[in-house]
Every structure is written in C-alpha cells, then in structure tokens.
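The structure under discussion appears below in the form of structure tokens.
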Amino acid sequence: MTLGRILFDLIVSGVATAGFALLFRTEMRSLLPGALIGGVGYIVYDALALSSGSTVLAAFFACLLIGAISELAARLLKGPTIVFATMGVIPIVPGYGLYQTMEYMVQSDYSSALAIGMETLLVAGAIAMSLGFTTVFARAMLRRHAKAQTKG
C-alpha cells in the first residue's frame, strides 16, 4: 500500500463514516473522532485483506481495533461506546457482498450467490464477534480497576 492510497482510503472512509453519522443524527462532538475511527479501521482492514487474502480475518482484527479505540474514545469523551463502534464499522460492513448475493439470486446463479453470501455472513459474524470481545474485555478491565480502587 502506498502513502497516497492510505491517505485516499482514510479520507474517503472517514467522509463516508461522517455521512452516516450525520444521517443518524450523531452529536457533533463525536463526529470527527468517529470518522477517524472509521478511517483508521478501514485502512487496517484493507491492509490485512491485501496481505492475508481473507476478508473475514481482516474484518475480525480490524474490528477488534475499532472496538478498542471506541472504548477508549467513549471514556475520553464521556459518551456511549456504541456510537463510536457503530460509526467505526460502517466502512467494513459488507454491503456490496449483500448486493452481489441478491444479484446472483435474481440471475439464478445460485452457486455464486451461495459462495458470496456465505463470505458476507462470515464477515458480518466476524464484525459482531470482535466487537463483542472488546466490549466484554473492556468491561472486565473496568470492573477489575474499580475493585482495585476500592481495596487501595
């Protein structure tokens, strides 16, 4: 990946993330951090997908990073984690895979529809699992930190 492509991906995915955030009426103070999370998450996803050849693994690890950054942003900006996590995964959501699956179904090309549909479901599952893991991990760490504060 060249620096030009990285900057282009960051800008385009950040603008797309901000556009969706505006559509969902996100608070203005969350807009820029959310757009940056979406942009960085997409760059990581793209780099991992290119190097590994697996969009499922790329989505999983990129969304682990998105979830971790979202938890941190929520603590720093005193907002809900779900806002940042939702904005962050927007560029990774496999919308084109869903479109292709439906297109192949309409054309009666069921083997292609099944192949692309299965990959799309796996990417969506990877996104959900990775965000779930980061949420559980962050909550456990917060409980552990709170318990240590009350003892000390």
Side-chain angles (χ1 to χ4, degrees), residues 1-107 109-110 112-142:
M1 288 180 67
T2 64
L3 181 61
R5 178 169 175 173
I6 291 172
L7 289 175
F8 178 78
D9 285 351
L10 179 68
I11 292 168
V12 170
S13 57
V15 168
T17 301
F20 272 93
L22 287 172
L23 182 68
F24 294 129
R25 298 180 187 217
T26 304
E27 291 181 357
M28 292 305 279
R29 68 185 182 99
S30 302
L31 198 61
L32 182 60
L36 286 173
I37 292 169
V40 168
Y42 182 76
I43 289 170
V44 170
Y45 167 78
D46 197 27
L48 289 174
L50 287 173
S51 65
S52 73
S54 172
T55 57
V56 177
L57 285 176
F60 182 78
F61 288 113
C63 288
L64 277 178
L65 178 66
I66 289 169
I69 295 172
S70 296
E71 291 285 347
L72 182 63
R75 302 292 176 269
L76 292 174
L77 299 172
K78 296 178 179 29
T81 305
I82 192 72
V83 170
F84 299 106
T86 302
M87 290 187 335
V89 300
I90 289 293
I92 299 174
V93 170
Y96 185 60
L98 290 172
Y99 171 79
Q100 282 184 308
T101 302
M102 289 297 112
E103 182 179 24
Y104 286 130
M105 299 254 323
V106 168
Q107 295 172 355
D109 185 359
Y110 299 116
S112 296
L114 182 62
I116 292 176
M118 194 62 172
E119 183 178 359
T120 301
L121 283 174
L122 288 172
V123 169
I127 292 170
M129 281 182 24
S130 61
L131 290 179
F133 287 158
T134 54
T135 299
V136 168
F137 182 75
R139 300 267 161 84
M141 294 304 288
L142 286 172

Item to check | Qualifying side chain to side chain donor-acceptor pair (under 3.5 Å) pairs, either residue in residues 26-39, two or more places apart | outcome: E27-R29

Item to check | Minimum heavy-atom distance A35-T17, with the two atoms named | outcome: CA-CG2, 3.9 Å

Next on the checklist: Would you compute the distance between atom CG of L72 and atom CG of L77 and round it to the nearest 0.5 angstrom?
Outcome noted: 9.0 Å

Checklist outcome for this item: In short, I116 meets G97 closest at the heavy-atom pair CG2-O, 3.5 Å

Next on the checklist: On a heavy-atom basis, which atom in A68 and which in T134 lie closest, and how many Å separate them?
Outcome noted: N-CG2, 4.0 Å

Item to check | Value rounded to 0.5 Å, distance of CG in L57 from OH in Y45 | outcome: 11.0 Å

Got a list of side-chain donor-acceptor pairs under 3.5 Å for residues 80-89, not counting sequence neighbours?
unit_1, atom_1, unit_2, atom_2, d
T81, OG1, E71, OE1, 3.4
T86, OG1, I82, O, 2.6

Next on the checklist: With rounding to the nearest 0.5 angstrom, report the CD1 to CG distance, I43 to L48.
Outcome noted: 12.0 Å

Item to check | Minimum-distance pair of heavy atoms, taken over all atoms of I92 and A62 | outcome: CD1-CB, 4.0 Å

Item to check | Those residues that, when tested against S51, pass side chain to side chain donor-acceptor pair (under 3.5 Å) (two or more places apart) | outcome: none

Checklist outcome for this item: One should read off an interatomic distance between Y104 OH and Y99 OH, to the nearest 0.5 angstrom, of 10.0 Å

Checklist entry - For the residue pair V123 and T55, what are the closest heavy atoms and their distance? => result CG2-OG1, 3.7 Å

Item to check | From L36 atom CG to L31 atom CG, the distance as rounded to the nearest 0.5 Å | outcome: 10.0 Å

Checklist outcome for this item: Note: S70 and I37 closest approach over all heavy atoms is OG-CG2, 4.1 Å

Next on the checklist: Quick one, D9 and P91 - any side-chain contact, counting heavy atoms below 4.5 Å?
Outcome noted: no

Next on the checklist: Distance check, rounded to the nearest 0.5 Å: I66 atom CD1 versus F61 atom CZ?
Outcome noted: 13.5 Å

